[in-house]
Amino acid sequence: MTRRLTEQQIRDLIQDLEFQPLKITVEKQDLEASEQAGNGASGDLLLNIAWKNNAEKFIAEVLGQATPKQIETKILRLEKFTGAINSKSAARKRFNPLVVAPYLSEKMLNRLAEAEISGIDLSGNGVVIVPDKLFIYRTGEKNKFLSSAPIKNIFRGTSSLAGRVFFAKPEYENVSEVLEEITKRGGRTTFSTVSKVLKALEEELIINKGEKISLLDAKKLLDLLLKNYRRPDVRRNLSVKCADYNLALKQMSENADRKKILSAWDYPGRYAALVQGVAESKFYTESIDGLLDGVDFTETSRFPDLTLLETIDPTIYFDRRKDKEFYLLSPLQTFLQLATEGKREQEAANSMIKKLLEGKF
Amino acid sequence: MELQKDEIKLILGGGYGLLLRTEHIRRIEAATRFEQIPEARSTNDLDLFLSAEIITSAEKIEKIRDALERLKFVPVAPFFQFQLPGVYEGQDLPVKIDLLAALPETEAERSLVKINKPRIRPKKARNIHGYLTEEAVTLEENLQPIDISEADEPMLEVYLPHPFSYLVMKLFALRDRLEDEEKDFGAYHAFDINRVVGMMTENEWNQAAQLSGRYRAAPKIKEAAGIAAALFASLESVGVLRVRQHARAVDVSIPPENLVALIEDLRELLPDI
């Protein structure tokens, strides 16, 4: 079973850290101030790593969770620290930098190797580097520990609104402004959720939280939204043939306005060129009965004019775009839906990527 | 082109006909029964149906024989299967033509043909005949003309069978291949049945419903209804399993609701009375 570890638990597990054929022993916990580099840089542990008749000292930094941002930060810290301490030490006493975390992905191991910094995780993966002497690289073991972001999944459901909003506007003064923009675009969430999501996005190096909060890696954000995308939970659907199609649309539009019923037209042709025409119009709405009130229709499963899907999924109604009388799904939602359908729809989705990344929808 | 000049109507069925149909549907951006239509499978085998007008006329069928000779086709199964040797990317890739024909509908027409099952030919015709396809009962109903000429070429029209005719023929083909391991247990025929239903336009659906009513008493249509009832009764039926089997093989995902719709549509068009 997976579990998230506290820092103390990680430290305890390090006592029994195994990375064959190396023998790892903890020489010191909590390096004392006198042992620090004296320039603000510091390490957490002093490890001895031995193999055959060799042994090397490693200054290790412990990470509760290895996010891309934390890895980058640790690389900087360790480079600074070991550089400083090695310059003060006698030539024979050299310290190597090392990161310990519950789990290090292959991508992270490669990044560490590139910076010539060792990394060992508690799941059985690692890279151990002593320049000109040793290079061991092992990956492929699954994460044995829970490593999810601070809140369950920041790329799905209501939480994803804080990420999605960056495709509508890529830069904000502060968290409040992000929340304001989400609300303005029809999303409902809290300051606390937005704040947590932004923190996680920062950890993933997707946004930058400097003087302003700005989108750093739109492609990665789009990839992760797609990877985590799930179709909306539709509680009811209805396919109908209308006595008068245009009149039906007009009535539905009036109903939506008058009764304040959320609805969104799934109309990919508005954003992407689709080769195959789709006769029926697909509408998402929070109330099928409310939207169809007064519309003359008959229910049918074959060749309907309209298909209505009833859902209260907040991502469906977020950032809807007004087009004449109706609201359309947002370009991002349209992209996510197309990208998870058939081959031709995926091609249509691909044609939207450039404009999405450039914020031109 | 020459046959067109002689006003000989070419009816293309089989996989290639379906390929043309898929391209046509996409080109005209028609709204179809299922939103997602899988890519058509490519094929070098052409199923060329001979209309009643041709199969009852020695003069017309011999024009087809002469045209095949001029194009260097050689008979493989005398004289209803022909082959043109060809090479594509270093591999032998011959083009094959199967000539097929329905049983003429009227007694008068039948008196003009000689049948020696499975062969059928006009009386007096030499070195050419069709493979008797008795299930092609509705073959010439609601034929769909398609221009297959390239840009800058004069119009070249061939005809595709109506989806209802396709359905009936594909049901027989599936039944006949159901136990044939070499033919993948007929899985691609089952998949084609799904494609034919999925590609129907509303107008074609209405025509199919009419054809179903008109031909309900025809023995081969009744037999097709029996096959549909046996192979497509439920999601667990062997026909549906074959559809899914082929979909997996070609990495196509079929929404479960489409399979349910397929069963309902077959039941409505070919009721097993």
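Hydrogens, waters and symmetry mates are skipped; everything else that's a heavy atom, side chains included, is used. Naming convention: chains lettered A, B, ... in sequence-line order (proteins, then strands); numbering from 1 in each chain.
- Taking CG of B:N203 as the start and CZ of A:F303 as the end, the distance is 9.5 Å to the nearest 0.5 Å.
- A salt bridge does not link B:E202 with A:R302: every distance from a Lys NZ or Arg NE/NH1/NH2 to an Asp or Glu carboxylate oxygen is 4.0 Å or more.
- Pairing each heavy atom of B:E264 with each of A:S301, the nearest pair is OE1-OG, 4.2 Å.
- For B:E257, no part lies under 4.5 angstrom from a heavy atom of chain A.
- Atom CG of B:L143 has more than 12 neighbouring heavy atoms from other residues, nucleotides or ligands inside a 6.0 Å radius.
- Summarising the local packing, CZ of A:R236 is surrounded by more than 12 heavy atoms from other residues, nucleotides or ligands at distances under 6.0 Å.
- Within 6.0 Å of atom CD in B:E181, 12 or fewer heavy atoms from other residues, nucleotides or ligands are found, so the atom counts as exposed in its surroundings.
- Around the CZ atom of B:F185, the shell of radius 6.0 Å holds more than 12 heavy atoms that belong to other residues, nucleotides or ligands.
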